Amino acid sequence: MAQIVTIINFKGGVGKTTCSIEIAAALAKYYGRRTLLVDLDPQASATFYVMEQHHWKTWQETRGTTYHLFDQSESTLPIRNMIVKDVIDGPAAVFGFDLLPSHPDLVDVDLRLSDFVGHTILQRYLDEIRDEYDYIICDCPPNFNPVTKNSLCASDAYVVPTIPDFLSTYGIALLQRSVNKLFLPARTANQSTWIGPVLGGIILTRIKANVTLHTAYCKQVRADYPGHVFNHTISDSVLVASAPDYRMPISVKPQPKNHEVDLQEQFKALAGEFISRIRHVNTLKKQGTHTL
Ligand SMILES: Nc1ncnc2c1ncn2[C@@H]1O[C@H](COP(=O)(O)OP(=O)(O)O)[C@@H](O)[C@H]1O
Ligand SMILES: [Mg+2]
């Protein structure tokens with residue numbers, strides 16, 4: 001049964017989408033894990049990272065997107081129909097990496113979902129397909145709107161990518177507090193088990209080599225969140241900007257090994273660590289080791 005993980009940071013541009021896609025693709029390619037990436041951002045960056053525009057256009061009309069999950073008038077659409085199976089095809093095909101694409105109209109559904117029942121829509125849909133995957137990874141927008149809350153309600157864990165600088169790391173504590181507050185009423189009803197998602201880890205990404213500030217913030221985040229920060233990190237590299245041009249994640253794209261920074265190896269290692277960290281999530285939940 002899949003473990004469901006929300007990728008989140010209130011700040012935009014910190015590498016959430018890049019980490020979501022690259023981890024999901026690497027989990028399927030190198031670790032044989034059946035992985036579904038759910039794009040919950042109306043910007044649909046994760047979708048267009050791996051899907052051609054014309055393919056998406058037909059897909060959203062005929063099969064549906066995450067918008068259609070939340071659009072009450074369309075709520076009878078089956079979720080299986082919306083999933084693009086083995087989204088990376090061609091000569092470097094990745095088997096077991098599926099995508100549930102997004103739609104710009106997702107931005108409009110938010111206000112209609114503000115109560116608790118409205119926060120469990122995604123959970124109910126994902127329950128239908130949970131047995132078919134090892135991981136379901138939800139790429140969230142940089143906010144705490146009802147779609148993001150739906151993602152958290154459905155998830156076992158949340159993972160926070162961050163650039164090692166002040167503005168990107170500043171919100172991590174705020175985010176933890178918001179998540180804990182969201183699930184506080186449920187905790188009171190059942191003291192022994194934490195039913196909300198737990199912090200699965202913090203990923204330090206877009207690290208610039210030889211930038212003293214980045215080195216200092218990496219150290220600071222590790223000190224502030226002991227045990228929670230991924231050992232493996234991701235460097236800042238121009239390769240990332242070009243990946244969506246090829247509709248091919250770096251982690252799975254065949255490439256010459258002539259770059260100073262081997263980003264493919266970094267994402268592969270990160271995905272391996274993701275597996276071991278997320279494995280511990282259920283134990284953490286049972287222990288109720290969640291600080292408020
Ligand atoms: N490791 C990296 N090195 C260089 N650029 C990166 C890296 N990760 C992300 N980017 C770039 O930063 C921008 C924001 O990344 P993205 O993953 O979309 O962030 P978010 O989802 O948090 O908004 C994109 O233009 C992306 O190409
Ligand atoms: Mg994004």
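Everything numeric in this text was worked out from a predicted model, so none of it was measured. Counting convention: from 1, in listed order, for ligands and their atoms alike.
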Original post:
Nearest heavy-atom pair of T65 and M82: which atoms, and what distance?
Top reply: O-SD, 3.6 Å
Original post:
Just how far is it from atom OG1 of T47 to atom CG of L37, taken to the nearest 0.5 Å?
Top reply: 7.5 Å
Original post:
Atoms of ligand 1 less than 4.0 Å from V14 heavy atoms?
Top reply: 19 (O), 20 (P), 22 (O)
Subject >> Distance filter under 4.0 Å to S235 heavy atoms, resulting ligand 1 atoms >> reply: 1 (N), 2 (C), 3 (N)
Original post:
Does any donor atom in the side chain of Y31 or D134 lie under 3.5 Å from an acceptor atom in the other side chain?
Top reply: no
Original post:
Do the side chains of V179 and L174 join up, straight or via other hydrophobic residues, at under 4.5 Å, putting them in one cluster?
Top reply: yes
Subject >> Residue and atom name of the nearest protein heavy atom (relative to atom 22 (O) of ligand 1), distance in Å to one decimal >> reply: K16 NZ, 2.8 Å
Subject >> Whether S20 has an N, O or S atom under 2.8 Å from the Mg ion (ligand 2) >> reply: no
Original post:
Okay, side chain of Q264, backbone of K253: is any donor-acceptor separation there less than 3.5 Å?
Top reply: yes
Subject >> atom 9 (C) of ligand 1 - nearest protein heavy atom and its distance >> reply: T18 OG1, 3.4 Å
**OP:** Write out the residue and atom name of the closest protein heavy atom to atom 12 (O) of ligand 1, then the distance separating them to 0.1 Å.
**Re:** R206 NH1, 2.8 Å
Original post:
Which residue owns the protein heavy atom closest to atom 19 (O) of ligand 1, what's the atom, and how far is it?
Top reply: G15 N, 3.0 Å
Original post:
Does atom 24 (C) of ligand 1 have a protein heavy-atom neighbour under 4.0 Å away?
Top reply: no
Original post:
Can you tell me how far CG of L40 sits from CG of N150, rounded to the nearest 0.5 angstrom?
Top reply: 8.0 Å
**OP:** Provide, to 0.1 Å, the distance between atom 18 (O) of ligand 1 and the closest protein heavy atom, together with that atom's residue and name.
**Re:** T17 CB, 3.8 Å
Subject >> V240: numbered ligand 1 atoms lying under 4.0 Å from its heavy atoms >> reply: 1 (N), 2 (C), 3 (N), 4 (C), 5 (N), 6 (C), 7 (C), 8 (N), 9 (C), 10 (N), 27 (O)
**OP:** Note the single closest protein heavy atom to atom 14 (C) of ligand 1, along with its residue, its atom name and the distance in Å.
**Re:** G13 CA, 3.7 Å
**OP:** Indicate, with yes or no, if L167 and V229 share a hydrophobic cluster defined by side-chain heavy-atom contacts under 4.5 Å among Ile, Leu, Val, Met, Phe, Trp and Tyr.
**Re:** no
**OP:** Would you mind running through ligand 1 and noting each atom that sits below 4.0 Å from a heavy atom of I234?
**Re:** 1 (N)
**OP:** Measure the distances from the heavy atoms of S45 to every atom of ligand 1 and state whether one is below 4.0 angstrom.
**Re:** no
**OP:** Ignoring hydrogens, just give me the one of A243, P244, S237 whose non-hydrogen atom is nearest atom 3 (N) of ligand 1.
**Re:** S237
Subject >> Between CG on residue N231 and CZ on residue R222, distance to nearest 0.5 Å >> reply: 6.0 Å
Subject >> Between OG on residue S151 and CD1 on residue I137, distance to nearest 0.5 Å >> reply: 11.0 Å
